[in-house]
Amino acid sequence: MSSTWADLQTTASNTKVGGALDQSLKEIANGTGRPFVQNKLRLFGSNERPKLTLYRDHAGWCPYCQKTMLLIEEKQIPINVELVPMRSYGDKPESFLRMVPSGLLPALVVETGDGRKQTITESQVIMELLDQWHPVDAGFKQMMPNEDDSDAMQRYNQLARLERDLFSWWCTLIFRPEGPMGGGGMFSKLMGGGGGSSLPGAMGGFLDCLAKVDTALASTSGPWFFDFADHPTMIDFIYVSHVERMLASCAFWKGLDLRSDTYKKQFSALNAWLDSFEKRECYLAFKSDYYTHVKDIPPQYGPGYDGGFEDDRITFQKNIMGRDGKSWTLPLSFDDPVQPLYRGVPLPLCVLKAGEIVGDNGVVGSEGTSYETADPEKMAEACRQMAGWKLASNGDKVAKFAARGGPEGAKNPRKGFGAELADPYANPDAQLVPYVNTALQTVCRALLAEGGPSSHEAALSEMKQTLETETPKDKARDVSSALAYLRDRIGVPRDLPLASARQLRAHLNAAIDVLY
């Protein structure tokens with residue numbers, strides 16, 4: 001079946017999920033839409049042009065940009081947003097470097113009443129100023145304890161120091177060589193359940209420090225570090241962006257799954273805190289998956305070192321890299337054994353509503369709940385269709401990008417960057433582009449299939465037949481290399497949320513299996 005990307009865009013828009021995403025894009029463009037990693041304008045009901053502009057990374061890699069955006073979303077601060085590459089990913093625009101010669105992100109530009117502009121860097125300074133400029137008495141949410149509450153301020157400062165201690169232990173654990181500790185879960189059992197001081201060196205120090213964080217969270221009546229609000233506050237944002245990276249790096253390099261049932265019991269308050277974040281749509285908008293993090297962490301912090309619980313580490317690495325024959329392979333399981341997908345909001349609310357997906361609270365498409373008992377077939381179809389909609393919306397450019405992975409791709413002399421998979425100036429294998437285009441269009445049709453599992457199975461059979469008949473035998477391996485190049489560069493949240501990204505990766509793998 002032949003089709004054009006324009007045809008596929010129409011098909012995508014005619015699905016309920018695609019129609020909802022089309023409408024969402026219009027709202028995003030005028031500043032009234034959902035939380036989204038590539039938003040350029042956030043109005044939150046304001047009728048005035050914002051005089052604040054935040055410069056942040058475009059890929060969702062930067063933890064300091066993430067915590068700043070979470071504060072902005074929670075307080076609903078009207079703001080302009082400009083997206084700038086991290087230096088490990090690409091060149092920063094000269095216009096930005098004239099404002100911020102160091103290139104540091106995030107950066108805040110403030111337009112004063114007389115038209116002058118002031119540039120502020122350092123995420124903590126930016127967050128504190130944004131909070132001060134948008135006080136509670138002006139209708140904005142409280143993010144800091146009252147200054148006259150000495151006990152609360154003392155707790156805040158203690159928590160801030162504890163966060164730095166946790167960060168230090170994490171760096172020691174992940175970025176310094178340490179030998180394996182033995183046979184995965186067995187070593188944990190022998191040492192008293194894997195907890196803290198019973199373990200040697202950096203692993204014990206890290207878990208001891210994490211236990212202190214868990215104790216601090218358990219001391220409040222709600223899931224957050226403070227009880228003065230029913231929402232996350234400044235200190236929660238300060239913690240969460242690096243804790244997110246700790247989850248990924250500890251699983252990948254140390255075989256330590258802090259979201260497992262074992263550690264969910266040991267660090268119950270920490271896991272409840274993470275669940276509470278994941279139930280907020282604004283957190284989903286900026287949350288990465290483990291694969292993206294293990295690719296974006298080394299260029300920012302240095303290489304991670306294998307060690308820890310060796311058997312579990314090997315298992316987790318295969319899962320995270322999609323090499324276990326399950327995590328990026330059809331048919332996908334409902335949930336992922338290493339990265340829980342449904343303890344919170346897995347897709348934008350507009351997609352969940354369009355897919356008529358009921359949360360665990362019995363409400364269709366709502367936040368503040370989990371989706372662990374949602375209808376698996378409805379969820380899978382919504383995840384697929386979001387991926388298909390995304391692919392169809394930029395198909396020609398995606399095909400050219402993927403063709404960099406062909407035998408004649410990326411042959412041009414060009415500047416390199418620190419991130420392993422970043423190569424923004426690579427040229428495509430031009431002669432391969434038409435064949436990659438055809439392959440991606442048939443993948444897209446399979447993703448967009450409506451009507452439940454039987455319709456999807458029929459679409460996959462059609463995909464297989466089309467790939468076999470329309471891809472010349474002497475081009476099949478080259479096309480599969482291009483699809484693998486694309487698969488390995490699907491970033492979360494930049495391209496899709498994980499629940500949808502895993503469908504795109506798995507469907508690309510299904511096509512690769514036919515071609516290779």
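The first residue in the sequence is number 1, and the count goes up from there. Keep in mind that this is a model prediction, so the values were computed, not measured.
The CD atom of Gln300 sits 10.5 Å away from the CZ atom of Arg87 when rounded to the nearest 0.5 Å. Of the inter-residue distances, the one linking Glu367 atom CD with Cys282 atom SG reads 7.0 Å to the nearest 0.5 angstrom. Separating the SG atom in Cys350 from the CD atom in Gln23 is a distance of 9.5 Å, to the nearest 0.5 Å.
Counting only distance, with no hydrogens or angles, the side chain of Ser500 and the backbone of Cys383 share a donor-acceptor pair below 3.5 Å. A donor-acceptor pair under 3.5 Å is absent between the side-chain atoms of Lys353 and the main chain of Val364, judged by distance alone. At least one donor-acceptor pair closer than 3.5 Å links the side chain of Asp236 to the backbone N or O of Phe225. Under the 3.5 Å distance criterion, the side-chain polar atoms of Thr369 are matched with a main-chain donor or acceptor of Asn361. At least one donor-acceptor pair under 3.5 Å links the side chain of Ser219 to the backbone N or O of Ala216. Judged purely by atom type and a 3.5 angstrom limit, Arg404 has no side-chain atom pairing as donor or acceptor with the backbone of Lys400. The main-chain N or O of Asn146 is never found under 3.5 Å from a side-chain atom of Asp149 such that the two would form a donor-acceptor pair. Checked by atom type and distance alone, the side chain of Thr233 never pairs as donor or acceptor with a backbone atom of Ala229 at under 3.5 Å. Asn394 places no side-chain N or O within donor-acceptor distance of the main-chain N or O of Val398, the cut-off being under 3.5 Å. Judged purely by atom type and a 3.5 angstrom limit, Ser288 uses its side chain to pair as donor or acceptor with the backbone of Val492.
For Tyr485 and Phe401, the ring centers are positioned less than 6.0 Å apart. Taking the six-membered ring where the residue is Trp, the centroids of Tyr290 and Phe252 are separated by 6.0 Å or more. Ring to ring, Tyr89 and His58 are close: their centroids are under 6.0 angstrom apart. Between Phe175 and Tyr301, the ring centre distance stays below 6.0 Å. The ring of His242 has its center closer than 6.0 angstrom to the ring center of Tyr64. Ring centers of Phe237 and Trp224: at least 6.0 Å apart, outside the cut-off.
Between Val213 and Glu163, every side-chain heavy-atom pair lies at or beyond the 4.5 Å cut-off. Within the 4.5 Å cutoff, no side-chain heavy atoms of Gln9 are placed close to those of Trp389. Side-chain atoms of Pro453 and Glu381, non-hydrogen and from C-beta on, never get closer than 4.5 Å to each other. Taking the side chain as every heavy atom from C-beta outward, Leu210 and Leu258 approach each other to under 4.5 Å. Two residues are said to be in side-chain contact when any heavy atoms from C-beta on lie closer than 4.5 Å; Tyr239 and Pro232 fail this criterion. Within the 4.5 Å cutoff, side-chain heavy atoms of Ile79 are placed close to those of Leu108. With contacts defined as side-chain heavy-atom distances shorter than 4.5 Å, the pair Thr119/Val100 qualifies. Contact annotation: the side chain of Pro145 never approaches that of Arg155 to less than 4.5 Å [non-hydrogen atoms, C-beta and beyond].
Between Trp328 and Tyr291, the two ring planes are perpendicular [angle over 60°; tilted spans 30° to 60°]. Relative orientation of the Phe140 and His134 rings is perpendicular, given thresholds of 30° and 60° on the angle between their planes.
A salt bridge does not link Lys67 to Glu244: none of the charged nitrogens lies less than 4.0 Å from a carboxylate oxygen. With salt bridges taken as basic N to acidic carboxylate O contacts below 4.0 Å, one links Asp423 and Arg414. Under the 4.0 Å criterion applied to side-chain N and carboxylate O atoms, Asp289 and Arg502 are not assigned as salt-bridge partners. A salt bridge is absent between Glu82 and Arg56: the closest approach of a Lys/Arg side-chain nitrogen to an acidic carboxylate oxygen does not fall below 4.0 angstrom. Taking 4.0 Å as the cut-off between side-chain N and carboxylate O, Lys287 and Glu278 count as a salt-bridged pair. The pair Lys75-Asp131 counts as a salt bridge, with a side-chain nitrogen and a carboxylate oxygen less than 4.0 angstrom apart. In this structure, Asp275 pairs ionically with Arg259, as a charged nitrogen and a carboxylate oxygen lie closer than 4.0 Å. Ionic pairing of Lys295 and Glu420 is present here: one or more N-O contacts between side-chain nitrogen and carboxylate oxygen are shorter than 4.0 angstrom.
In terms of heavy-atom proximity, Leu71 sits nearest to Met127 at CD2-O, 3.5 Å. What you find for Val351 and Met386 is that their closest heavy atoms are CG2-SD, 4.1 Å. The two residues Lys141 and Val136 make their nearest non-hydrogen contact at C-CG2, 4.2 Å. Here the closest non-hydrogen pair linking Ser3 and Arg445 is OG-NH1, 2.7 Å. Here the shortest heavy-atom pairing between Pro50 and Asn80 reads O-ND2, 3.1 Å. In terms of heavy atoms, Cys62 sits closest to Leu105 at SG-O, 4.1 Å.
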When you look at Val240 and Trp273, which way does the side chain to side chain contact (heavy atoms under 4.5 Å, CB included) test go after all the steps? CA-CA 9 Å; Val240 74; Trp273 177 76; 3.7 Å; yes
Take Asn437 and Trp5, measure what side-chain hydrogen bond (donor to acceptor under 3.5 Å, both in side chains) needs, and give me the verdict at the end. CA-CA 9 Å; Asn437 215 37; Trp5 286 115; 2.7 Å; yes
Please step through side chain to side chain contact (heavy atoms under 4.5 Å, CB included) for the pair Lys212 and Thr215, ending with a clear verdict. CA-CA 5 Å; Lys212 294 177 183 177; Thr215 298; 5.5 Å; no
Could you walk me through whether Glu111 and Gln118 pass side chain to side chain contact (heavy atoms under 4.5 Å, CB included), step by step? CA-CA 7 Å; Glu111 184 179 333; Gln118 180 182 2; over 6 Å; no
Does the pair Leu159 and Phe226 meet the rule for a side chain to side chain contact (heavy atoms under 4.5 Å, CB included), with working shown? CA-CA 10 Å; Leu159 288 169; Phe226 279 99; 4.1 Å; yes
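For CG of Asp114, the number of neighbouring non-hydrogen atoms (other residues, nucleotides, ligands) closer than 6.0 Å is greater than 12. Shown here is Arg116, whose CZ atom has no more than 12 heavy atoms of other residues, nucleotides or ligands within 6.0 Å. Heavy-atom neighbours of Lys279 NZ from other residues, nucleotides or ligands within 6.0 Å: above the threshold of 12.
Remark: Arg280 is not positioned above the aromatic ring of Tyr283, lacking an NZ or CZ atom under 6.0 angstrom from the ring centre and at most 45 degrees off the axis.
Judged as a side-chain hydrogen bond (donor to acceptor under 3.5 Å, both in side chains), and not counting sequence neighbours, the contacts of Glu128 are Gln124. Residues passing the salt bridge (charged side-chain N to carboxylate O under 4.0 Å, His left out) test with Glu356 are Lys16, sequence neighbours excluded.
Side-chain N/O atoms of Asp360 and Tyr342 include no donor and acceptor closer than 3.5 Å.
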